[in-house]
Amino acid sequence: MAEGEMSSDTSSTHDALMESTWFGFMSSPKVVTGDAPTSRKRKQEGSGHGLTGELPSIGISPQFITFTNVTMESEKYICVRETAPQNSVVIIDMHMPMQPLRRPITADSALMNPNSRILALKAQLPGTTQDHLQIFNIEMKAKMKSYQMPEQIVFWKWITPKMLGLVTQTSVYHWSIEGDSEPVKMFERTANLQSNQIINYKCDPSEKWLVLIGIAPGSPERQQLVKGNMQLFSVDQQRSQALEAHAASFAQFKVPGNENPSTLISFATKPFNAGQVLLATVNEAMIVPFVSGQVVQRFQELFAQTKYKEAAELAAESPQGILRTPDTVAKFQVGYSPDYLFLLQAMLRSDPQGAVNFALMMSQMEGGCPVDYNTITDLFLQRNLIREATAFLLDVLKPNLPEHSYLQTKVLEINLVTFPNVADAILANGMFSHYDRPRIAQLCEKAGLYIRALQALVEFFGTLSREWALECMKDLLLVNLRGNLQIIVQAAKEYCEQLGVDACVKLFEQFKSYEGLYFFLGSYLSSSENPDIHFKYIEAAARTGQIKEVERVTRESNFYDPEKTKNFLMEAKLPDARPLINVCDRFGFVADLTHYLYSNSMLRYIEGYVQKVNPGNAPLVVGQLLDDECPEDFIKGLILSVRSLLPVEPLVEECEKRNRLRLLTQFLEHLVSEGSQDVHVHNALGKIIIDSNNNPEHFLTTNPYYDPRVVGKYCEKRDPTLAVVAYRRGQCDDELINVTNKNSLFKLQARYVVERMDGDLWEKVLNPENEYRRLLIDQVVSTALPESKSPEQVSAAVKAFMTADLPHELIELLEKIVLQNSAFSGNFNLQNLLILTAIKADPSRVMDYINRLDNFDGPAVGEVAVEAQLYEEAFAIFKKFNLNVQAVDVLLDNIQSIDRAVEFAFRVEEDAVWSQVAKAQLREGLLSDAIESFIRADDATQFLEVIRAAEDANVYHDLVKYLLMVRQKAKEPKVDSELIFAYAKTDKLTDIEDFILMPNVANLQNVGDRLYNETLYEAARIIFQFIANWAKLAITLVKLKQFQSAVDAARKANSAKTWKEVCFACVDAEEFRLAQICGLNIIIQVDDLEEVSEYYQNRGYFNELISLMESGLGLERAHMGIFTELGVLYARYRPEKLMEHIKLFSTRLNIPKLIRACDEQQHWKELTYLYIQYDEFDNAATTIMNHSPVAWDHMQFKDVAVKVANVELYYKALHFYLQEHPDLINDLLNVLALRVDHTRVVDIMRKVFTRAMTCHLLLVKPYMIAVQSNNVSAVNEALNQIYMEEEDYERLRESIDLHDNFDQIGLAQKVEKHELLEMRRVAAYIYKKAGRWKQSIALSKKDNLYKDAMETASQSGDRELAEELLVYFIEKGKKECFASCLFVCYDLIRPDIALELAWMNNMIDFAFPYLLQFVREYTGKVDELVKDKINAQNEVKTKEQEEKDVIAQQNMYAQLLPLALPAPPMPGMGGTTMGGGFAPPPPMGGMGMPPMPSFGMPPMGSY
């Protein structure tokens, strides 16, 4: 049994075998190397999930990268199960992806533990349904547990790092890896999971909720849709619930205020007719919106109650960080500076996790963290909260800054001492790069993390420059080559791109460290195509004794120099010759290999190479052995050991080149005895027999397996006759012809060619370019064909002669065969061939052959003679074989003698002959003779040609006789029809009437049409009347001028076409009464109405046409077309009746058509009426305006105007009324007021009457007053101008107040100069409304309107204007106005100015009322200010008391602080000791590395 396979005998045997497998391989582990990343960046990238796409690069065959062979239970490990070339399991650690661990194990499934190096195996015991389970600890090299399941496991999975979930067909089990417990049954599968494929099994973190998921085919009608089923099981309640779902997952959520987290389950379903879910995420913001609102409300309550500690804790623990914001931090900082250190210490005692969150919140404050990171870390460490301290540092150190190097070192130190696995994970993630690497490497070594320690030392080289790194590596090798080799190899692997591959190779070569060179190049080999690299790796492997690796690389690599490698391996003289065999076999050095092996007495490898490696190269091996004069016994034994695997052809070639072919006799005979049909075997055997002259003819004629060309070629120089035998057997035409020509064996050649009967071969030998053709023909004629008894051979030869165009030679041949009493004298084909050949080559002999030969094909030969223009010979042949028709055809067609043909016909008296003669006479135009001959032949088959000829010659008397004969033999419609036509042409109308009364098959309709077309109207009338074709009869009667009868026939036909034809004929004959009868039957058809109308009008019969249409109005089937056409006729010829007709029948008219007619005839009034009826109001309005003398009516125009669609017509109508009816323009505008643009109307009035604008604006004044409510600028300005000119200041002011959309300044400037005072007052009013206060006041003062001036100044709000007005009143001596202005402008005038002006101008008495009012107002204001000041002082005192209370509460918290101070701050984080960094750690020991010198350290590199 192969190592690692699972036994089926007993479980103990099985366990023992598996244990021996693990322990045997773990005692001497072998790491399979692959492509190592060439930089730290690639190393970090290689530790992710992307490795699954690179499995082939580490030696995993693509055929095993499937769901059944690959398992990945976590991000740490990938497990691959291989079944070829041997059963094995490959474990890939994602931290070291390029160093997979391969173990020879046979199992059905393998699962790696998600966290640790523990492997679970499952295999079915053969012959049973039981599965055997085992769990191995790879690091401990021990089997942990094993168990034999009584049921077959259909699905299994690590549900936790300590627990395996096992699913069988009926139940679900849990198997813990701790202790000696067996699998425990958890629950039974529900019915919905029966016949389902299990795809997943999960449990929540508390292991109290379990979910099993499976899939099954859909419904029978939609089997392509997969249906998902799920079973949810509660461990506490021992109950299950069946659900439909494809996927499910558990989650933990802690609701604020609830001490215990809640368990959530989410699952996905896929309903029918739904799309695919490509990505589903939980909207985290919508999980607990209500709870989030409660948290915010609670935070506000705590903050309002000055419970800052509780508020800070709540903010730190808020869900989704809704309170961990800068705004929250700002709340704590406004007006209060909390003691964060105290708060943090207090939270550490009660809630460590909350303290972590609070510390992280402090780290995010603006302006930096109030407490340095080192102090916070020490607070955590003082209480042994290592995990919390680690969590805090990992979060704040994410930026990976150089100033955090001390903290990076610190977090790694504390975890390497307490939790090495956490430190291992931190280093694996590569999140820190500024820590003290020597110090951490030393701690990693003490913690047992040797790989991390090595990695740290290796990374140390990455910090050095290239020169210093190489120098340091050289010093390490000098100090301790063996001890430090591993470090140097790893460093070279890691930084080969920076250091340079050549430099690393030279370093190892300098110390002749082939082992280091071997391990270094091994990691670089798969990615390199450099031949030197591959050769050096082969050399290093060979010198370190890694023969298997040498063998592998020489077998797999395609990049090494084969010649150089071959020479090295020969010089190395390795005990194992397989590497040399690989090189020589792959690159064609077989002869050198054989010579080397034979010279070094390594005959066993020669046998192994030939028998196992490449039997196809055995001929080359044999050839070299023969050259090396190896004993024949060894060579024969070597050949016989390979037997059928040996390629015979090259072997024979090698032996034949050396004249040692007899050496293979035994081997060949052995193959033949085994039934070999290999052509090369028999070729070689035949050559041996020919050389030994051992009855070679027998072999060549009886052996069916040899190649005739090969053997024949071999015989040509030895015995040409044997070559002919071989070539004849293989039908090797070219070779046989060449050898017989060369050796003058023409008799053999002739016999072969005749026997072959091959046209291509005959063509070749009878080719004129063949210099031996005459010699061959002589042998064929004299020997080969006379000897032959096969007609086929003779026929093939004759055919070949014919194809080669050798007629004279062929005649010579045939005369000898046919005319000289040979076996083929009476041969039918040969007689034919002889005559035919003579026809072609020697026509003078043809008549003699015809007379002497009887057994030939007369019809065929006769045709050939005709084609060869031997007409007399052809006539003789046909006459000899009684082929009279063919004979007379020769006379008629070829000899062209109708007289000889008639004479021949009288002699033979055959109908067929007379028929041929008749046809010839018909072709020559001898119609009477032809008809006579047809009658003699009793031939009615050519009646069509006879009829056509008679019609062309106009010979109908003889045709009647012929047709009567034909009619007796055939009932053909054509014959009877032509007979009637012939009677008509001979004016036998009585015979026509008698004939149609008799039974006949004539096509009377066609005959009648033909008679009508030939103007034989009387005969046509007889036919049409007999067949009751009234339509044709009617038009025929018209041709006969019988109009009344034609009308009667048309009435019976009742066809529109017939009515029209008769009607038009009656019109042309001026039979208007009959024409009207016909016309009334036509005009009821809409399509025919216009045709009748045009026919009448074109001939000038207008009144008759109108009479016809008027009569048509009373018809029951009268339609719109009749009414419309009559209206058109009235418009053209009776306009006085048009309007009456339109009004009476407006609903039955085609108005568009009648509109066109009225427009053409210029009936404008009627046209307007039609437009209105047709709802074309635009056209109606346009017509009225364009033709107003006839078409205008005011009321009608108003009705039309409001209905038009084109707006431009409104303004066109306005122009029209201004020009023709200005007195009615307001009436029109009132109707159009809602439709026109009032501005445009005013512009029109202004533009049209520029000289008398006002007068014509007054014309539309009522209209403008009516529309002024729209507040249109143009209307307002026009009316204001009218009011100004009319001096109607009341209307003007009213217009200004109600309608403000006009040029106010322009109007004011016009009005301010008006001679009327009220008009100027209006101007001041306009200025005031426009904000032109000065102009308004000036205008009011000018007109002594002081009240208006004061009101304007007050409304302006301008203090300067008001005070200027006071000064104006003082200057004018208007004391009362001065006093009034003080009160009107009270809010604007300054009291000091007013009192000063009054005192200086002796107007104190007039200012005293104003002074009293001012004193009273300001006294009230002072009282209000005093009251407000007292209230403000009270508020300040209250606020100061509140601040004192807050300070007192802070002092209470300060009294609770501990006496001991926290640890001193770390350098650079706010402490006093940070300045020079930290002292370097003691020199690194262990791992064979010497202490670093304290001086001469090169500068740090940039790698």
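In this chain, residues are counted from 1 in sequence order.
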Is any NZ, NE, NH1 or NH2 atom of the basic residue among Lys566 and Asp592 found under 4.0 Å from an Asp or Glu carboxylate oxygen of the other?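 Salt bridge: yes.
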
With a 4.0 Å cut-off on N to O distance, would you call Glu632 and Arg660 a salt bridge?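 Yes, charged N to carboxylate O under 4.0 Å.
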
Side chains of [X] and [Y] only: does a donor on one sit below 3.5 Å from an acceptor on the other?
X      : Y      : result
Glu551 : Asn582 : yes
Tyr435 : Glu413 : no
Asn87  : Arg81  : no
Ser641 : Gln611 : yes
Gln624 : Asp628 : yes

Between the side chain of Tyr560 and the main-chain N/O of Thr554, is any donor-acceptor distance below 3.5 Å?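 Checked: pair present.
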
Residue pair Tyr518 / Gln546, side-chain heavy-atom distance below 4.5 Å: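 A side-chain contact under 4.5 Å exists here.
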
Pairwise side-chain contact, Leu597 with Thr594, heavy-atom cut-off 4.5 Å (strictly under):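 Side-chain contact under 4.5 Å: no.
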
Which residue pairs pass the ring pair (Phe, Tyr, Trp, His ring centres under 6.0 Å) test with at least one member in residues 595-616, sequence neighbours excluded?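 Listed once each, the pairs would be none.
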
Hey, does the Lys NZ or Arg CZ of Lys564 hover above the aromatic six-ring of Phe535, less than 6.0 Å from the centre and inside 45° of the axis?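 Judged by the rule, Lys564 and Phe535 form a cation-pi pair.
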
Side chain to side chain contact (heavy atoms under 4.5 Å, CB included) partners for Ala503, two or more places apart: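 Side chain to side chain contact (heavy atoms under 4.5 Å, CB included) check on Ala503 returns Arg466, Leu470.
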
For Glu629, I'd like to know if atom CD has over 12 heavy atoms of other residues, nucleotides or ligands within 6.0 Å.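 Result for CD/Glu629: open.
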
Heavy-atom neighbours of Glu529 CD exceed 12 at 6.0 Å: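 Counting other residues, nucleotides and ligands, CD of Glu529 stays at 12 neighbours or fewer.
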
[X] and [Y]: which non-hydrogen atoms are nearest, and at how many Å?
X      : Y      : value
Thr71  : Ala110 : OG1-O, 2.9 Å
Pro579 : Ile547 : CG-O, 4.3 Å
Val610 : Ala618 : CG1-CB, 3.6 Å
Gln86  : Pro104 : NE2-CB, 4.5 Å

What pairs with Phe559 under ring pair (Phe, Tyr, Trp, His ring centres under 6.0 Å), at least two apart in sequence or on another chain?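 Listed in chain order: His534.
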
Once you round to the nearest 0.5 Å, how far does CG of Asp502 lie from CG of Asn530?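 The CG atom of Asp502 sits 7.5 Å away from the CG atom of Asn530.
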
Check step by step if salt bridge (charged side-chain N to carboxylate O under 4.0 Å, His left out) holds for Arg543 and Glu539. CA-CA 6 Å; Arg543 295 190 184 279; Glu539 182 183 14; 3.4 Å; yes

As a quick check of understanding, evaluate salt bridge (charged side-chain N to carboxylate O under 4.0 Å, His left out) for Arg658 and Asp627, giving each step before the final call. CA-CA 9 Å; Arg658 295 168 175 81; Asp627 292 340; 2.8 Å; yes

Passes side chain to side chain donor-acceptor pair (under 3.5 Å), Ser88 versus Glu82? Steps please. CA-CA 5 Å; Ser88 61; Glu82 295 180 332; 2.9 Å; yes

Kindly determine whether Arg604 and Glu607 satisfy salt bridge (charged side-chain N to carboxylate O under 4.0 Å, His left out), including the steps that lead there. CA-CA 5 Å; Arg604 180 172 62 87; Glu607 294 175 349; over 6 Å; no

